[in-house]
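What follows is a short report on a single structure.
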2 protein chains.
Amino acid sequence: MSCYVYVNIRWRHVYTAPRTAVKGPSGPGTAGNDRKAADVEVDTVEEAPAELPGPAAETAGTARETTGRAPAAPRRARASASMADVARLAGVSSQTVSRVSNGYAGVTEETRRQVLAAMKELGYRPNSAARALKRGEFRTIGVITFSLSTTGNVRTLEAIATSAAAEGYAVTLLPVAVPTQDEVRGAFSRLEELAVDAVIVIMEVHLLDAATIQLPPHVQVVVVDSDAGDHYTVVDTDQHGGTRAAVRHLLDLGHRTVWHLGGPEDSFAAQRRTDAWRAALVEAGRVPPPLIRGDWSADSGYRAGLELAARDDCTAVFAANDQMALGLLRALHERGRRVPDDVSVIGFDDIPEASSFLPPLTTVHQDFAEVGRLCVQAVLRKMRQVGPERGTTLVPTRLVRRDSTAPPPRPAR
Amino acid sequence: MSCYVYVNIRWRHVYTAPRTAVKGPSGPGTAGNDRKAADVEVDTVEEAPAELPGPAAETAGTARETTGRAPAAPRRARASASMADVARLAGVSSQTVSRVSNGYAGVTEETRRQVLAAMKELGYRPNSAARALKRGEFRTIGVITFSLSTTGNVRTLEAIATSAAAEGYAVTLLPVAVPTQDEVRGAFSRLEELAVDAVIVIMEVHLLDAATIQLPPHVQVVVVDSDAGDHYTVVDTDQHGGTRAAVRHLLDLGHRTVWHLGGPEDSFAAQRRTDAWRAALVEAGRVPPPLIRGDWSADSGYRAGLELAARDDCTAVFAANDQMALGLLRALHERGRRVPDDVSVIGFDDIPEASSFLPPLTTVHQDFAEVGRLCVQAVLRKMRQVGPERGTTLVPTRLVRRDSTAPPPRPAR
DNA sequence: CTCACTGATGTTTGCGTAAACATCGAGCAC
DNA sequence: GTGCTCGATGTTTACGCAAACATCAGTGAG
């Protein structure tokens with residue numbers, strides 16, 4: 001085995017008391033310590049490098065070091081104080097500063113006060129990059145989301161940010177402009193070199209499948225709004241239960257059947273609401289009318305509404321979200337179909353404006369705050385390896401009755 | 001001057017060809033090189049540490065090091081590969097890996113390919129903490145926002161995230177739950193130890209004043225939605241121009257005056273819309289009616305609407321945002337006041353749903369995407385010190401005419 | 001009185017990267 | 001051929017922090 005001893009001599013400015021002349025290695029046979037160090041102290045007369053290379057240029061960088069012209073004292077141009085600076089000012093070692101900074105025990109109250117005073121004076125702030133490098137974690141959660149255009153995503157994001165903050169984590173946002181495989185892949189690859197410990201994905205998961213493989217190891221993923229519980233940890237609202245409650249509510253009012261204004265085809269949430277709507281009708285022995293699709297927007301709801309207004313047999317509509325319900329209400333109103341007298345309308349989401357629609361909208365309330373909270377909890381649990389690898393957590397929904405639903409115009413046929 | 005030479009001997013595993021026996025310092029008088037290094041190469045016979053401490057435990061950590069039982073080869077339990085690992089596999093120095101990783105010139109195509117192959121095989125991802133530590137920047141922008149409940153904030157945030165991503169920056173979100181001094185201060189102090197290079201604040205700035213002092217140095221701030229251009233760099237929409245356009249529009253239709261449903265008192269944006277409303281009326285020689293205040297919510301608009309509906313002399317209302325306009329529409333409708341036949345209503349923001357209100361709402365369009373984009377540009381310019389320290393940038397607004405405004409019921413008196 | 005122990009504090013080291021500097025050969029002008 | 005430049009690559013170091021380890025003065029048991 002060929003090794004060599006590597007002797008490294010360097011200058012070092014002395015600002016503490018002189019040390020012992022020579023320190024030998026702690027013991028040649030010590031296991032677990034591969035390195036031996038020999039410190040040789042030497043007194044030198046400095047060569048006095050002129051000291052006049054233009055005083056202005058010399059002082060330009062930062063406050064002049066009080067230690068003077070020591071050749072090894074690096075005058076760095078940094079602006080913020082480091083632990084070493086604090087330590088110097090407080091007259092302690094940087095390790096003690098670290099201890100104070102991290103609230104470790106074993107520091108005298110007296111020392112602590114001095115260190116804190118020094119920190120304050122220098123405006124010291126721990127460098128999070130160094131901290132992250134040392135600790136191997138960033139205390140940051142990445143959130144990938146396809147646009148912030150839907151209430152649900154925004155509310156969830158907000159709750160995630162709040163919950164994460166409560167746990168001492170920051171949230172980094174990765175917007176995906178267009179929901180294509182490439183875009184998602186792009187977000188993930190940006191993520192790879194991003195400072196995050198875990199990821200929460202608020203998106204339809206079928207865009208995920210091919211993209212996920214590139215995720216860095218040890219970064220945990222939690223997915224919202226998906227049925228991929230087999231492969232990921234998923235948190236979602238109880239779409240099925242909420243839909244069922246909405247349909248049952250309309251049927252209980254006496255409607256013969258319930259039409260459905262569904263969300264876009266590529267949305268899992270929309271898919272599940274549609275499936276649940278159909279199942280609830282079948283379960284009640286009713287015939288599901290043809291599905292009408294929108295794209296979540298109020299405009300698409302309006303267009304669908306124009307269609308539905310033309311049909312006499314349509315007395316109840318379940319819209320997959322409140323925005324579409326809004327458009328629906330406008331179309332029905334324009335066509336002279338009164339809500340709820342002629343047609344009952346029910347939405348999904350319970351956006352804040354829903355209570356101010358004309359008429360105030362009966363809808364299914366989703367607790368996005370809870371979803372966000374659970375996401376953070378799940379992802380932290382996964383990081384700490386105390387949670388299950390996969391599986392779906394459902395957040396209950398709640399039917400909010402307002403004024404857009406009523407019994408059908410004629411007694412149920 | 002008292003210095004000492006510091007001799008540091010350590011073991012080092014050799015994986016390259018042996019080097020020259022002794023390298024002297026490059027020259028004692030060299031200016032600008034404070035350090036002298038003496039490398040002494042020594043051949044040693046290894047003590048052969050048994051090699052059988054349980055093979056299973058030995059291999060458990062990670063893939064077995066190909067270099068074998070060298071005592072100085074640290075078998076770390078880390079999971080992700082570092083540059084050194086890539087370098088080892090590719091048979092180059094880590095610096096070359098760095099060059100490839102950062103796309104620097106001066107690397108042979110051949111070498112580059114090898115390095116890239118090694119990166120791929122090991123799944124290498126640059127460690128952003130180390131990178132940030134070395135480079136002194138995080139390539140991250142922090143965004144402090146008071147809740148994501150308003151469309152404007154959300155849209156702006158989204159645009160910020162997108163623009164930042166385009167510039168290679170990530171966005172870290174700092175929600176402030178309650179708009180109190182303490183909360184804001186808290187957000188800032190969390191921010192202090194957060195990995196951000198700059199901050200964009202989307203908030204009323206009078207909550208900022210007392211809090212800002214604690215910001216870490218060299219972190220630039222850009223503020224949205226404020227009139228504090230004297231102290232900060234501010235990006236905002238042209239509240240004044242938009243309001244003026246709205247008021248003029250109503251006056252031009254023949255309304256004698258325009259009522260105003262203002263936003264909350266503590267909002268700068270609300271304040272400016274109110275001021276501009278009043279100014280526009282005065283400029284036109286009209287008497288501003290009493291101000292009615294809401295809190296941005298549709299409910300508050302509804303309550304205000306009930307009041308206004310009772311007044312015969314109210315034929316035109318300028319609501320400070322679309323949500324309040326929505327509530328207003330409902331109140332007017334409930335009280336039998338037709339919009340726009342009896343009362344004209346105009347909003348502010350142009351939220352996506354505004355076109356689906358009953359009737360579709362005439363409103364002032366704000367280009368939040370542009371605001372976000374400009375925020376990022378401004379903050380990056382400030383970081384690069386090529387932008388002005390302070391001042392306000394205004395984004396134009398645009399009146400969107402829909403169906404909620406019309407001439408007053410009687411010819412103007 | 002000695003020694004093991006304890007608690008406060010200091011010293012060394014390495015995390016992964018990239019800047020600065022060093023080296024080394026090839027090509028080129030003289 | 002000599003010296004020089006230039007391009008490719010290697011070596012050393014520092015970034016700021018905190019874990020691991022070292023030191024050192026008291027304290028109390030023996």
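Keep in mind the model is a prediction, meaning the values are calculated, not measured. Chain letters run A, B, ... following the sequence lines, proteins first and then strands; every chain starts at 1.
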Between A:Glu109 (CD) and C:dT9 (P), how many Å, whole number?
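Taking atom P of C:dT9 as the reference, CD of A:Glu109 is at 11 Å.
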Whole Å only: how far is the CZ atom of A:Arg88 from the P atom of C:dT11?
13 Å
Going by number, which of residues 112-122 of chain A have a non-hydrogen atom under 4.0 Å from DNA chain D?
none
For B:Leu116, enumerate each residue passing the side chain to side chain contact (heavy atoms under 4.5 Å, CB included) test, keeping only those at least two apart in sequence or located in another chain.
B:Val100, B:Arg112, B:Met119
Please enumerate all residues that pass side chain to side chain contact (heavy atoms under 4.5 Å, CB included) together with A:Thr111, with sequence neighbours excluded.
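A:Thr111 satisfies side chain to side chain contact (heavy atoms under 4.5 Å, CB included) with A:Val92, A:Thr96, A:Val107, A:Thr108, A:Val115 only.
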Per A:Met83 side chain, nearest of listed nucleotides D:dA18, D:dG16, C:dT17
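Nearest listed nucleotide: D:dA18.
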Which residues share a side chain to side chain donor-acceptor pair (under 3.5 Å) with B:Ser128, sequence neighbours left out
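For B:Ser128, no residue satisfies side chain to side chain donor-acceptor pair (under 3.5 Å) once neighbours in sequence are set aside.
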Quick one: closest heavy-atom pair of [X] and [Y], and the distance?
| X | Y | value |
| --- | --- | --- |
| A:Ser98 | A:Met83 | CB-CE, 3.4 Å |
| B:Ala198 | B:Met383 | CB-SD, 3.7 Å |
| B:Ala87 | B:Ser93 | CB-C, 3.6 Å |

Looking at [X], does any N or O in its side chain come under 4.0 Å of the phosphate oxygens OP1/OP2 on [N]?
| X | N | answer |
| --- | --- | --- |
| B:Thr108 | D:dT9 | yes |
| A:Tyr104 | C:dA8 | no |
| A:Tyr124 | D:dG16 | no |

Partner residues of B:Arg113 under the salt bridge (Lys or Arg N to Asp or Glu O under 4.0 Å) criterion, sequence neighbours left out:
B:Glu110
Holding to salt bridge (Lys or Arg N to Asp or Glu O under 4.0 Å), I want the full list of residues that pass it with A:Arg131, two or more places apart in sequence or in another chain.
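Salt bridge (Lys or Arg N to Asp or Glu O under 4.0 Å) check on A:Arg131 returns B:Glu193.
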Enumerate the protein-to-nucleotides 25-28 of chain D contacts in which both atoms are nitrogen or oxygen and the separation is below 3.5 Å.
none

If you fit an axis to the five pairs at each end of the helix from C:dC1-D:dG30 to C:dC30-D:dG1, how big is the angle between those two axes, to 10 degrees?
60°
Strictly below 4.0 Å, heavy-atom distances to any atom of DNA chain C: list the hits from residues 91-102 of chain A, or just say none.
A:Gly91, A:Val92, A:Ser93, A:Gln95, A:Thr96, A:Arg99
Contacts to DNA chain C from residues 126-142 of chain A, heavy-atom cutoff under 4.0 Å, which residues?
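Going residue by residue through residues 126-142 of chain A, the ones with a heavy atom under 4.0 Å of DNA chain C turn out to be A:Leu133, A:Lys134.
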When you compare the protein's N or O atoms with those of nucleotides 4-6 of chain D, which come within less than 3.5 Å of each other, and at what distance?
none

Identify every side-chain donor-acceptor pair in residues 132-142 of chain A under 3.5 Å, counting partners at least two apart or on other chains, and give the distances.
residue, atom, partner, partner atom, Å
A:Glu137, OE2, A:Arg139, NH1, 3.2
A:Arg139, NE, A:Gly168, O, 3.3
A:Arg139, NH2, A:Glu167, O, 3.1
A:Thr140, OG1, A:Phe138, O, 3.2

